[in-house]
Amino acid sequence: MTTDNVLIKVNGLKKSFGEVEVLKGINAEIRKGDVMVVIGASGSGKSTFLRCLNKLEEPTGGEILFEGTDITDPKVNINLHRQKMGMVFQQFNLFPHMTVLKNMTLGPIKLLKLEKAEAEKRAMELLERVGLADRANAYPNQLSGGQKQRIAIVRALCMNPDVMLFDEPTSALDPEMVGEVLDVMKQLAKDGMTMVVVTHEMGFAREVGTEIVFVDDGVILEQGSPEEFFKNPKNQRLKDFLSKVL
Amino acid sequence: MEQFFSEIAASFERTFITDDRWLQLLAGLGVTVEITLLAAVIGVVLGFLIAIVRSTHDMQLMGRKCSKPSDYLLKVLNVICNIYITVIRGTPVVIQLMIIYYVVFASLREGIIAAIIAFGLNSAAYVAEIVRSGIMSIDKGQFEASRSLGFDYKSTMIHVVIPQAFKNILPALGNEFIVLVKETSVAGYVALKDLTYVGNLIRSRTYEAFFPLITIAIIYLIIVLILTFFLKKLERRLRNSDH
């Protein structure tokens, strides 16, 4: 394991909401090309951990080194780093007042200063890849949940990020639409995208994950490769958790 | 019967034709429209600014301690906006109008400017609360999605939040304009010859109440109908994204 391909290094990350300490010191390392899958019971802090990575939640302690820069430093312009970290939400969060194409090109045009034509060309290529090119001029409310989430993924990809953060991307979907979203994510992983995925989809974790992390009560209790993790869980809490979800 | 109609005709003539009174009414309408339009501009611009201060404060500082100098500035601005809204909403617009005319602009005695400013400042307080409710109604996920793409707070407001909020508040905003049109009818208190004032003047000259009062009532109604028509049109155009 060389240190120069470490993309995100998390040291002693803490987060409290008022009196409640949700993260109690998390250490993690995400290397280029990793697909880190974060699992854990609800309320364990796994989503908070993910949301701290791009500072949607302000950490209360510890540091997060992203491409060598400590983004918890208040002097760092987080907006520039967020451009390199795509994020996909449970509730899709597409902009309902814009067409699909506008959703996808807003960031590239305004932030990356791409020409409109160039941004649209790139957006169309990505739409083509997820099979939604014909919906480019639709509004989000005209799409199904699975379509919305695939759009949300390619919207993030339009910014050409170095890492993609997924916050329970399939939890709000009807069961028959989970597959289409997971397929896009699998393809993305195959293409070498670095990903951090909070999910309850154990099949996805096993198949695509390169590193599985079990978060419980604000700390990482166990982590390892999928084979090791699912075949020989060591921690009792993890065994309990897996027996419930598998 | 014949006498009845000839009396009505005479009354009509005294109200509208004699001394070119219809021209006076027209001039009064002009004053009303001028005050309303310019006051609405002040109301919307100032109202949006106040709303942005208030909602930014609520979203960023609620339940959090000030940590940067800009936080303290925001806190102070928010207090000022709160006091402003409380005072404006808590006092009658006629009193505000007279205070602006007789106290603030005592040396100027420029009724039309005083009226535009008074009604503009008054409207701003109401617009501010309408806009704030619109901004606060936007799902937190919209902010987060925009911020996660790398937009700063200001761009998020401009590209994502305000356009959606505007669509949601359009009916309430339209309501506020309708109220504003009619509120300007007290402009006569500061010697302005607006529509209501002229109508009432004609009534006092002719000793006939029916035609002047009904006429100005109908004119207000028509203004409001026109306004409603355009607001509906705008609403329809903005609705194209919810199918």
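The shortest distance between side-chain heavy atoms of B:Asp152 and A:Asn77 does not fall below 4.5 Å. Counting heavy atoms from C-beta outward, B:Gln164 and A:Pro96 have side chains that approach closer than 4.5 Å. Using a 4.5 Å heavy-atom threshold, the side chains of A:Asn79 and B:Arg147 count as touching. Within the 4.5 Å cutoff, the side chain of A:Arg51 has heavy atoms near those of the B:Glu144 side chain. Looking at heavy atoms from C-beta onward, A:Leu111 lies in side-chain contact with B:Phe151 at the 4.5 angstrom threshold. Side-chain contact between A:Arg82 and B:Leu149: absent, with no pair of heavy atoms (C-beta onward) separated by less than 4.5 Å.
Nearest approach of B:His159 to A:His97, heavy atoms of both residues: O-NE2, 3.0 Å.
Residue-environment remark: CZ (A:Arg122) exceeds the threshold of 12 foreign heavy atoms within 6.0 Å. The number of heavy-atom neighbours closer than 6.0 Å to CD of A:Glu115, taken from other residues, nucleotides and ligands shown, is 12 or below. For B:Tyr189, the OH atom sits in a loose shell: 12 or fewer heavy atoms of surrounding residues, nucleotides or ligands are nearer than 6.0 Å. With a 6.0 Å radius and a threshold of 12 heavy atoms from other residues, nucleotides or ligands, A:Lys186 has its NZ atom above the threshold.
To the nearest 0.5 Å, atoms CZ (A:Phe95) and CD1 (B:Ile138) are separated by 11.5 Å.
The salt bridge (Lys or Arg N to Asp or Glu O under 4.0 Å) check on B:Glu129 picks up B:Arg54, B:Arg132, with sequence neighbours excluded.
Side-chain atoms of A:Asn93 come within 3.5 Å of backbone atoms of B:Gly141 as a donor-acceptor pair (strictly under, hydrogens ignored).
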Review item, side-chain donor-acceptor pairs of residues 25-40 of chain B, under 3.5 Å, at least two apart:
{"from": "B:Thr32", "atom 1": "OG1", "to": "B:Gly28", "atom 2": "O", "distance (Å)": "3.3"}
{"from": "B:Thr32", "atom 1": "OG1", "to": "B:Leu195", "atom 2": "N", "distance (Å)": "3.0"}
{"from": "B:Thr36", "atom 1": "OG1", "to": "B:Thr32", "atom 2": "O", "distance (Å)": "2.7"}

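The parts of B:Ser146 that come within reach of chain A are both its backbone and its side chain, each placing non-hydrogen atoms under 4.5 angstrom from that chain. With a 4.5 angstrom heavy-atom cutoff, A:Leu94 touches chain B only via backbone atoms. At a 4.5 Å heavy-atom cutoff, the contact between A:Met85 and chain B is made by backbone atoms alone. When heavy atoms are compared at a cutoff of 4.5 Å, A:Phe89 approaches chain B solely by way of its side chain, counted from C-beta outward.
Among B:Ala145, B:Ser155, B:Pro163, the residue with the largest count of heavy-atom pairs under 4.5 Å with chain A is B:Ala145. Interface summary for chain B: among A:Lys84, A:Gln91, A:Arg155, A:Lys55, the most heavy-atom pairs under 4.5 angstrom belong to A:Arg155.
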